[in-house]
Amino acid sequence: MNRPYNFSAGPAAIPVEVLNRAGSEIADWHGTGVGVMEMSHRGASFGDILATTTAAIRDVLSVPEDFDILFMQGGGLAQNAIVPMNLCGTAGAAKMDVAVTGSWSQKSRAEAQRYADVHVVFDGKPLNFQDVADPATWSIRSDTNYVHVCSNETIHGVEFASLPDLKALGCAAPLVVDCSSHIASRPIQWHRIGMAFAGAQKNLGPAGVTLVFVRRDLQEQAMGICPSAFHYKTVAANQSMFNTPPTYGIYMIGLVFEWLQAQGGIASIEARNIEKAELLYRTIDTSNFYSNAVAPAFRSRMNVPFLLADETLNDTFLNEAKAANLLSLKGHKSVGGMRASLYNAIPLAGVEALVDFMRHFERTH
Ligand SMILES: *Cc1c(COP(=O)(O)O)cnc(C)c1O
């Protein structure tokens with residue numbers, strides 16, 4: 001089987017060991033004679049899968065006991081509506097504050113406007129989303145229901161190495177984090193977070209599951225209009241089975257977390273991700289042929305956008321890359337150029353193959 005390196009931003013590469021294991025179990029899970037897709041979500045077998053998966057997530061990501069782990073549907077974009085509906089129902093006006101650091105937080109801002117009064121505490125647009133101001137300079141409202149950040153902007157390649165510490169800034173509101181595209185790539189600063197969410201299709205498995213983490217004390221402030229299936233307290237009280245959960249996706253996430261445990265957990269994965277990202281950024285920075293303009297402190301380890309100095313070579317670059325078994329390197333249309341997504345499933349050897357190709361391409365063009 002030819003498995004080229006797949007640098008897709010999402011849905012993205014899944015470790016081949018996980019795919020092979022899922023393949024071997026597809027028609028018969030653990031001798032039951034039934035595949036996971038065909039099982040009742042209320043039966044003992046799926047009950048096992050759900051419990052094991054939740055425990056593995058709690059273990060690998062060190063999720064504190066006062067957070068519920070929920071499996072929802074609708075992806076990251078649905079959470080842009082689900083979060084305000086769950087957090088803005090306390091007495092007084094519904095208010096959310098947001099740092100706009102790229103395309104994804106821009107979308108969060110637009111969607112929240114349907115449910116809450118929105119205030120932008122920082123707007124990175126004048127900086128072309130290539131840098132983020134110190135959170136101490138953000139104009140956070142003292143009576144906001146929450147502050148939203150996207151901790152890794154998948155399109156602009158902007159990542160918070162450290163999350164804003166709202167408490168230290170004198171803000172009592174919870175921090176809400178869209179960590180869709182770098183979850184499980186590094187440790188999570190839970191003590192700074194009230195709730196976090198991540199679509200699965202970047203670093204956790206197939207599309208169709210949204211992993212949601214909500215502190216229990218934040219589950220009492222939903223708006224009356226919040227649909228029951230999206231009401232965190234209801235979903236938590238029913239162990240993510242208020243309605244039929246995305247069973248196969250949850251099973252796949254379970255296999256990915258087992259794989260993460262076998263890799264040595266988050267510390268080893270993070271070390272590998274640092275090495276991968278450093279190698280690619282070093283290759284870009286030491287050439288006049290390639291460039292990345294994101295401020296070094298905010299460069300993403302997971303999504304690396306880069307431009308060719310001569311943009312007329314873009315198609316040639318992509319065609320030759322494909323012929324060299326390097327797939328899905330085209331940048332997002334809003335940014336142009338190239339983007340290499342270096343999620344957990346991309347081994348160091350994949351990045352070595354990419355930089356070898358880039359140096360070769362530079363020499364021959
Ligand atoms: C991909 C992505 C999303 C969107 O997820 P959907 O599943 O398409 O709704 C949201 N936020 C970030 C940071 C993403 O990378």
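Whatever order the structure lists them in is the order used to number ligands and atoms, beginning at 1. All values below come from the heavy atoms of this structure, side chains included, with hydrogens, waters and symmetry mates left out.
- The proximity of Cys150 to ligand 1, defined as any non-hydrogen pair under 4.0 Å, is limited to the side chain.
- Contact annotation for Lys202 and ligand 1: only side-chain heavy atoms (C-beta onward) come within less than 4.0 Å of the ligand.
- Residues Asn314 and Met338 have side chains in contact (heavy-atom distance under 4.5 Å, counting atoms from C-beta outward).
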- prompt: Can Phe361 and Tyr290 be said to form a ring-ring contact (aromatic ring centres under 6.0 Å, His included), step by step?
  reply: CA-CA 11 Å; Phe361 189 86; Tyr290 303 106; 7.3 Å; no
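- Between His148 and Phe197, the ring planes are tilted. Angles from 30° to 60° get that label.
- For the pair Asn152 and ligand 1, a heavy-atom separation below 4.0 Å is found.
- Each of the following atoms of ligand 1 lies closer than 4.0 Å to a heavy atom of Thr154: 12 (C), 13 (C), 14 (C), 15 (O).
- At least one side-chain heavy atom of Trp29 sits less than 4.5 Å from a side-chain heavy atom of Tyr251.
- A salt bridge does not link Asp117 with Lys95: every distance from a Lys NZ or Arg NE/NH1/NH2 to an Asp or Glu carboxylate oxygen is 4.0 Å or more.
- Residues Phe71 and Val212 have side chains not in contact (no heavy-atom distance under 4.5 Å, counting atoms from C-beta outward).
- For atom 11 (N) of ligand 1, the nearest non-hydrogen atom of the protein is Asp178 OD2, 2.7 Å.
- In terms of protein heavy-atom proximity, atom 10 (C) of ligand 1 is nearest to Trp104 CE3, 3.4 Å.
- Of the heavy atoms in Thr210, none comes closer than 4.0 Å to ligand 1.
- Distances between N or O atoms of Gly75 and those of ligand 1 include no value under 3.5 Å.
- If you look at Leu77 next to ligand 1, the close heavy atoms, those under 4.0 Å, come from the backbone and the side chain alike.
- Using a 4.5 Å heavy-atom cutoff, the side chains of Val120 and Arg109 are in contact.
- Note on ligand 1: Gln201 sits in its first shell, one or more heavy atoms being nearer than 4.0 Å.
- The shortest distance between side-chain heavy atoms of Glu270 and Ser185 does not fall below 4.5 Å.
- Backbone and side-chain nitrogen or oxygen atoms of Gly76 are examined, and one is located within less than 3.5 angstrom of a nitrogen or oxygen of ligand 1.
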